[in-house]
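In what follows, chains carry the letters A, B, and so on, assigned in the order in which the sequence lines appear, proteins first and then strands, with residues in each chain numbered from 1. Since the structure is predicted, the reported quantities are computational estimates derived from the model, not experimental observations.
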Amino acid sequence: MATNKLALLLALSLSLLASVALGRQSQTRLSRAQQCRFNQLTRLQPSRRIESEGGVTDVWDENEDQFQCAGVAPLRNILQPNSLSLPNFHPAPRLVYIERGQGLLGVHFPGCAETFQSQQSSSEGGREQEQGRGRSGRDQHQKIRRIRRGDIVALPSGVAHWCFNDGDEELVAVSITDLNNEANQLDQNLRAYYLAGGPQKRGRQGERGPENFQNVLRGFDEELMAEAFNVDREIVRKMQRQDERGLIVKVREGMGMIRPDEREEEEEGEWGRRMNGIEETWCTMRLHHNVDDRREAEVYSREGGRLNVVNRNKLPILRYMDLSAEKGHLFPNALYTPHWSINSHSIVYITRGEGQVQIADHRGQSVMNDRVSQGDMFVVPQFYAATVKAQSNGIEWVSFKTNGSPMRSPVAGYTSVLRAMPLQVISNSYQISPGEAQNLKYNRGRETVMASPRRS
Amino acid sequence: MATNKLALLLALSLSLLASVALGRQSQTRLSRAQQCRFNQLTRLQPSRRIESEGGVTDVWDENEDQFQCAGVAPLRNILQPNSLSLPNFHPAPRLVYIERGQGLLGVHFPGCAETFQSQQSSSEGGREQEQGRGRSGRDQHQKIRRIRRGDIVALPSGVAHWCFNDGDEELVAVSITDLNNEANQLDQNLRAYYLAGGPQKRGRQGERGPENFQNVLRGFDEELMAEAFNVDREIVRKMQRQDERGLIVKVREGMGMIRPDEREEEEEGEWGRRMNGIEETWCTMRLHHNVDDRREAEVYSREGGRLNVVNRNKLPILRYMDLSAEKGHLFPNALYTPHWSINSHSIVYITRGEGQVQIADHRGQSVMNDRVSQGDMFVVPQFYAATVKAQSNGIEWVSFKTNGSPMRSPVAGYTSVLRAMPLQVISNSYQISPGEAQNLKYNRGRETVMASPRRS
Amino acid sequence: MATNKLALLLALSLSLLASVALGRQSQTRLSRAQQCRFNQLTRLQPSRRIESEGGVTDVWDENEDQFQCAGVAPLRNILQPNSLSLPNFHPAPRLVYIERGQGLLGVHFPGCAETFQSQQSSSEGGREQEQGRGRSGRDQHQKIRRIRRGDIVALPSGVAHWCFNDGDEELVAVSITDLNNEANQLDQNLRAYYLAGGPQKRGRQGERGPENFQNVLRGFDEELMAEAFNVDREIVRKMQRQDERGLIVKVREGMGMIRPDEREEEEEGEWGRRMNGIEETWCTMRLHHNVDDRREAEVYSREGGRLNVVNRNKLPILRYMDLSAEKGHLFPNALYTPHWSINSHSIVYITRGEGQVQIADHRGQSVMNDRVSQGDMFVVPQFYAATVKAQSNGIEWVSFKTNGSPMRSPVAGYTSVLRAMPLQVISNSYQISPGEAQNLKYNRGRETVMASPRRS
């Protein structure tokens, strides 16, 4: 009976939630007296590192011109095996790419049901108590998600999450936080609100970083906290104490029992995929989608390369976050032909190989002409024309985009703007002969975006 | 026949209106090189008072850091009995809470029909003239709404409105104007465009206020105004004259006859409630909803307190304004447990009683730890963790929120983030024993948000 | 068979496109620490002229206070007969009014099919080649649109377009680019990205203009371009060479053959009109609508004048661009009565005749009281009250509005705010007698917005 009432209460709170957006009604870019005028774009490495007991956090300088223009703050978290990224939330949506490893992710939506049960590790279990669920041998909590190399993970703003590396290798997660996103009504500075811990050591330049990544619960009165949780002040003192372990901690108490049954989770994912739509509630929303699956490639050319996109159609929560990501793989010596983005900035992170990047602006000037390799990050601003030429080993990258449905306009090849124009417009525009115009328009045949190396 | 044609014309203009949004397609926050960095939040009282013949207007300083961060300008209008707030409009949506009294509200949507008839006070009536409606004994005008203590009233931007206190006590209306709202394409300064009158005296510090609250019609040429209205210049001179009565005037001509039949209005309200949906037009849209109705409480705890919300589901016009309000009542010594707002700022106004407010930021520091009481106002910024502890008489407040569907994430209790986590995550995060983690997670039982006082 | 595969590929890319928005999910105003405080609004002429071989580009100074407040940059392109405006795109949506002449417009959506065939001018045709379409005698390209005097043309941001004047007279196109539009994630500076050419001479004051209107392809390496297009470097050198012809060029190669069959195009337009709706794809979307058609007038008064509106209902792409336009024609000595705009700025361009414009602000002060005539441009800021009095020859204007469904609130006449109020509110507001209030409310009878000259 009591369970029924609880279920009813829960259902009511869910129906309230179902119509709730995490941001305001639409996600939109805010400006910060935004300036996007650069003579030079450069590939960037993280500017500081926050070291923790169980891993490190690499922070790019969000005050760099190109990140300011795009309105994003990039991060890279590296979790050692058996380490836990402490529960925290941030004031803007974050899009993550799992570069290496695997782990368990908990993202907690207020009001959603605790639908997962774990066998408890301690020996106190077994009694069914009046106090409710959880006093029994089983602990109940919200859904836990398995994330793996190649996943794009969407973390909405203001929603607390933790991540546990239960694998054998490092878990590397590269992300951008979309500070300009409409969901963020604070200013454009990167903050993280931790519910535990706090950074261990100060980074090289980092007076900002650590200060902005602290345990928010330390801001409350001990007595009030004890009353809020109805616990002894001793426990509150432990929650609020100076914690030298930082943002990522080594796990001492075993966490094995919370591993979800993989097969079931997969099926739930399938189910989630089928029910995605307007009636989908926050509680069951899918938060990740693999971008490395070859069968889902949007562009594939046997000699050119492959492009995978995770947009708001594949991962519906991106409708609300208005972000998306693209994974590119350019085969040896192939060319990502010149193109511009119609509706987003692109924040590019190189995951493997090497390539030559050229970017041109509206003044007809080259703002970037650089060799890039693994770990480099740079921004291709909206409307700027860009191209990548793979080196002899090919190149792979992930590109975060500030639009839920990014759109690209290629200059050359099958779907290009030149192919769309009448020959006479081309020949008159460039003062070339009809034959030359025809070569310009048709010589790439049916190739588009990812062009095979030229046979010369 | 003529009436039929008019009806047709009206219907046509209505169908045009039906698809019209008052703001741009969506309401969104604008930034103002927005800064939300404070070491201290303080409870604030109005900084100046504009005195008028029939009441006063208390103005909080919108340049205070916390109001700048939230992008709002707070006001409190106090109308004496038999007084009229002169017709005016403002460049951003306004959400009002009727703290005391009752009155009649006219909000005028261009193109909507004059569906209300009043018996005319003068003796000229009785003749049906070619000139059309209104020359008869009956005056026709748009719908008039009855507003009462406890109502949340939504006033869209750019729409003229007036308010008449026909009750026996003062009418007190507290409001915020959402200057950052997307409907406002001007800058972020509070303005009010009056169609009559003008402020009587200057406030204490107020060069800004009065200057920004003036009769816009005084800016036009007398001759042109006479032609526009097709009246004698004498009347125009009266419209434009310096008016010492200010923004709120005593009524000399009787207004009793325009009182709508209360029962009918209620029924219309009922009807409006049933037809709210996509097909709803602006003309029939409900503009107010009572937030003091106990039967509609979202959260109720016998020993803790009560929370009522008026969001875009209860009052659909809030979809377009992207604002909402919450009324809280915390019983003696009860605790509004620590929580943060996921998608809005909260502008809190204390209506009764006393309480201790604590607010913590991302640096783990306390930015507010203050005793607040009736008439105090303060902002809880988005993502900042806050808590209220009622004093011995309990405390009541109204909180305006910069989102049409506000969402709260509690730290402790039944629907909290800790309840959503596995025990192992809690014990590893705080380095506490499984038993302590269990206490932290479950000791508040099924209580949430409004927690009863701890029995100690 | 090969054609079938291509069709399939195309269909796939279209279905991807169908759900794509050109901007982010909603178009919204960005602020630029926006300031809208002026003591004076003045009528403005272009501040500089960019001269090209085939015409001129007149540029208003977008840094003028009133354009900064509205967030727009106005332009006027004048194409001589047989001249081509070179392919280019801009970082924000543009709304164009064709003031004179006619022409052909190509707007190229990436991924859309090349559905138009032209007979080729050169003699190389006739062979069907493996290389695919286009090597045959027929050239295939995307849809070409006929634009004419009186058309409002919508050009989305980031989409390349060209225009060819195939008529006998100059083609004059006046436009505003909505830099504050949410589709623009760069800063608020006017840029144009050309795919060919570049400005010929520097304007009078113009270091900014020409620098911001350049051939973007010149920013790429010659070798890389040759590979991207798979052509000789000789052709690339021609594409990138310094071009003295500017932004608009004389056509040497004949363009006659690409003229679409007018009757068919009209029918397609009809078809497009019928199928406009949610399922409409970008590829078939209508981009223009005539605003001079008397049968479509929204307001018509035999002695007053006429108002035509092109909003998001008439031209659905304006939903995504959140812009609209109004064409006004005021008959001799008639009056556009005082009114304010509820949800947009208006950027007014006078196309014929003369009139007296008065604009008043919230301080009750006149910020404009000027005689305006053909070629003048000025902004009526949102919420500011404005009125126009035609001179003896009447006056015509086009007004661009920063909202897809603009809404006006008149002060006097049939649909006005005074008509919506009870007489008692009017008489008490202005301290006038009930009879005077009745005159004020009803003397304009059924006239609204466009008032006939007063018989005095």
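Nearest approach of C:G219 to A:A360, heavy atoms of both residues: CA-CB, 3.7 Å. Between C:L217 and A:Y430 the shortest heavy-atom distance is CD1-OH, 3.6 Å. The two residues C:D139 and A:L423 have their closest heavy-atom pair at OD2-N, 2.8 Å. Here the closest non-hydrogen pair linking A:Q431 and C:K238 is O-CD, 4.4 Å. Residue A:C69 comes nearest to C:L186 through the heavy atom pair SG-CD2, 4.1 Å, listed as atom of the first residue, atom of the second, then distance. Across all their heavy atoms, C:Q214 and A:R363 have their closest contact at CB-C, 3.4 Å.
The side-chain heavy atoms of A:H362 and C:V216, taken from C-beta on, include no pair separated by under 4.5 Å. Inter-residue side-chain proximity for C:I144 and A:P422 is flagged as met; some heavy-atom pair is nearer than 4.5 Å. Proximity of A:Q356 to C:L224: side-chain heavy atoms (C-beta onward) are nowhere separated by under 4.5 Å. Looking at C:E227 and A:T337, their side chains never come closer than 4.5 Å, going by heavy atoms from C-beta outward. Considering only heavy atoms from C-beta on, C:F229 comes within 4.5 Å of A:L418 through its side chain. Taking the side chain as every heavy atom from C-beta outward, C:P110 and A:V417 never approach each other to under 4.5 Å. Counting only heavy atoms from C-beta outward, the side chains of C:Y193 and A:F383 approach each other to under 4.5 Å.
Using a 4.5 Å cut-off between heavy atoms, A:A385 touches chain C through backbone and side chain atoms alike. Contact of C:N88 with chain A is not made at all, since no heavy-atom distance falls under 4.5 Å. Looking at C:F89, the atoms closer than 4.5 Å to chain A (heavy atoms on both sides) all sit in the side chain, from C-beta outward. Both the backbone and the side chain of A:V411 come within contact range of chain C, with heavy atoms under 4.5 Å apart. C:L195 touches chain A through backbone and side chain together, each having a heavy atom under 4.5 Å away. Contact annotation for C:V231: both backbone and side-chain heavy atoms come within less than 4.5 Å of a heavy atom of chain A. Proximity to chain A involves both the backbone and the side chain of C:A226, based on heavy atoms less than 4.5 angstrom apart. Contact of A:Q365 with chain C is made through the backbone alone, with heavy-atom distances under 4.5 Å. Using a 4.5 Å cut-off between heavy atoms, A:A334 does not touch chain C at all.
The line from CD of A:Q358 to CG of C:D221 is 4.5 Å long, rounded to the nearest 0.5 Å. For the atom pair A:Q424 CD and C:H141 NE2, the distance stands at 7.0 Å (nearest 0.5 Å). The distance from atom CH2 of C:W162 to atom CG of A:N428, rounded to the nearest 0.5 Å, is 10.5 Å. Of the inter-residue distances, the one linking C:N189 atom CG with A:C36 atom SG reads 9.5 Å to the nearest 0.5 angstrom. Once rounded to the nearest 0.5 Å, the distance linking CG of A:L440 with CD1 of C:I235 reads 6.0 Å. Here the CG-OG distance, from C:L86 to A:S429, works out to 5.0 Å after rounding to the nearest 0.5 Å.
With chain A as the partner, the residue from C:E234, C:M239, C:M225 showing the most heavy-atom pairs under 4.5 Å is C:M239. Ranked by non-hydrogen atom pairs under 4.5 Å with chain A, the options C:A160, C:A192, C:A196, C:G106 are led by C:A196. Top candidate by heavy-atom pairs under 4.5 Å with chain A, chosen from C:R218, C:Q142, C:H90, is C:Q142.
The backbone N or O of A:Q382 sits nowhere less than 3.5 Å from a side-chain atom of C:Q185 that would complete a donor-acceptor pair. A donor-acceptor pair under 3.5 Å links the side-chain atoms of A:R444 to the main chain of C:A228, judged by distance alone.
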